[in-house]
Amino acid sequence: MNDSMITSGLFELQDEGYRVFQAKLIPNISCDRIIGVRTPDLRSYAKKIFQMPEAKEFIQKLPHDYYEENNLHGALLSLLYPEDIETFLAELERFLPYVDNWATCDMLSPKIFRKHLPYIYERIKKWLQSDHEYTVRFGIVTLLGFYLDDAFDPEMLSLVANTESEKFYVKMAVAWYFSIALVKQYEVTLPYIQKQILEPWTHNKAIQKALESRRISPEKKEYLRNLKIKL
């Protein structure tokens, strides 16, 4: 199996209806670059091929042509380097500049991070300073996924709030982060909403997403609803 055969394998998993659906969800990616592979199928495919030598060859060749090739790349990284954090991070850093949409970005949720949270936190601080939209988003989504429970530190709220970007998918990530922070760390997160620390659009979007959560009480939702900024 060579590079082109790996891509051919993705096409064998193609679902045309799903392809059309995905194209609507990711408007900044041309439909011609979307094959239409459902995520469970893609993950199964990654597990099928990751031990083949061609898998390492595949992740060395960037950029990829197709959206699903990028998703496969991310899935393969976790399978190829489940214990070696230094090699994993080196490969991840090489890949991040080629991440070009929110879906590929959000699929990157490496289990290996759980074993190295303090170390990864220092790397996140650098990612948040990046000029690349999806590297910044990845940093925020990583904080959201791994650092809002036992590893939480209140300074993380300030880090995310101070992320300066006009990029839409960064602003959405900030809003998403604060909505989940309101679920999991309500008391320390609430002042950021009360004091309107976030810019107005992001502030309102964070409240909107928090109101959609079933894990926030009706009383808290009513209070949050009254904190929206009139634009």
Side-chain angles (χ1 to χ4, degrees), residues 28 39 42-43 46 50 55-56 58-64 67 69-185 188-189 192 197-198 202 206:
N28 64 310
T39 300
L42 186 138
R43 294 194 187 281
F50 85 94
K56 283 192 175 181
F58 174 79
I59 67 169
Q60 292 307 309
K61 296 181 179 178
L62 287 166
H64 299 300
Y67 161 71
E69 288 180 314
N70 279 331
N71 292 351
L72 180 64
H73 189 124
L76 286 172
L77 287 182
S78 289
L79 292 168
L80 288 167
Y81 310 108
E83 302 293 338
D84 184 350
I85 188 62
E86 294 298 342
T87 303
F88 179 87
L89 280 175
E91 289 297 327
L92 177 65
E93 293 277 14
R94 203 172 64 82
F95 177 54
L96 281 176
Y98 297 96
V99 174
D100 58 1
N101 67 87
W102 67 267
T104 300
C105 176
D106 295 2
M107 280 183 68
L108 291 168
S109 184
K111 293 180 181 178
I112 194 173
F113 281 7
R114 294 202 179 279
K115 300 177 182 178
H116 305 274
L117 290 178
Y119 183 51
I120 298 301
Y121 182 48
E122 294 307 310
R123 192 65 64 102
I124 288 170
K125 292 177 184 178
K126 295 179 181 178
W127 291 333
L128 295 181
Q129 299 299 316
S130 174
D131 293 329
H132 181 238
E133 179 176 6
Y134 296 102
T135 298
V136 178
R137 182 180 173 97
F138 178 68
I140 296 169
V141 171
T142 301
L143 283 174
L144 187 161
F146 292 92
Y147 296 85
L148 275 175
D149 295 302
D150 294 342
F152 176 73
D153 186 308
E155 79 165 21
M156 296 170 181
L157 294 165
S158 179
L159 266 183
V160 177
N162 290 326
T163 300
E164 295 183 7
S165 177
E166 289 303 312
K167 299 291 187 179
F168 177 77
Y169 288 105
V170 172
K171 292 168 69 174
M172 280 295 295
V174 173
W176 183 21
Y177 175 85
F178 271 88
S179 72
I180 303 301
L182 284 167
V183 171
K184 294 189 171 186
Q185 303 289 346
V188 288
T189 304
Y192 283 81
I197 302 297
L198 306 176
T202 309

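Only this structure's heavy atoms are used, side chains among them; waters, hydrogens and symmetry mates stay out.
More than 12 heavy-atom neighbours from other residues, nucleotides or ligands sit within 6.0 angstrom of CG on Asn162. The number of heavy atoms from other shown groups lying within 6.0 Å of NZ (Lys125) is above 12. Environment of CG in Asn28: crowded, with over 12 heavy atoms of neighbouring residues, nucleotides or ligands closer than 6.0 Å. Remark: Gln60 CD is packed, more than 12 non-hydrogen atoms of other residues, nucleotides or ligands lying under 6.0 Å away. Annotation for Lys184: atom NZ counts as buried by contact number, over 12 foreign heavy atoms lying within 6.0 Å.
Using modelled atom types, no side-chain atom of Ser78 and backbone atom of Ala75 make a donor-acceptor pair closer than 3.5 Å. For Asn101 (side chain) and Thr104 (main-chain N/O), a donor-acceptor pair under 3.5 Å exists by modelled atom type. Looking at Thr189, its side chain does come within 3.5 Å of a backbone N or O of Gln185 through a donor-acceptor pair. Looking at Glu91, its side chain never comes within 3.5 Å of a backbone N or O of Leu77 through a donor-acceptor pair. Without hydrogens or angle criteria, Tyr121 side chain to Ala151 main chain gives no donor-acceptor distance under 3.5 Å.
Remark: of the listed residues Glu133, His132, Arg137, His132 is the sole one forming a side-chain hydrogen bond (donor to acceptor under 3.5 Å, both in side chains) with Thr135.
Taking the six-membered ring where tryptophan is involved, the planes of His73 and Phe95 are essentially parallel, since the angle between them stays under 30° and well short of 60°. Tyr192 and Phe178 have tilted rings, their planes meeting at an angle from 30° to 60° on a 0 to 90° scale.
Taking the side chain as every heavy atom from C-beta outward, Trp127 and Ile140 never approach each other to under 4.5 Å. The closest side-chain heavy-atom distance from Ile120 to Leu89 is below 4.5 Å.
Proximity of the aromatic rings of Phe146 and Phe113 is defined here by a centroid distance below 6.0 angstrom, and this criterion is met. Here the two rings, on Trp102 and Tyr134, have centers that are 6.0 Å apart or farther.
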Should Asn70 and Val99 be marked as a side-chain contact (heavy atoms from CB on, under 4.5 Å) after you check the CA-CA gap, both sets of side-chain angles, and the distance that decides it?
CA-CA 7 Å; Asn70 279 331; Val99 174; over 6 Å; no
Assess whether side chain to side chain donor-acceptor pair (under 3.5 Å) is satisfied between Tyr98 and Glu69, documenting all intermediate values.
CA-CA 11 Å; Tyr98 297 96; Glu69 288 180 314; over 6 Å; no
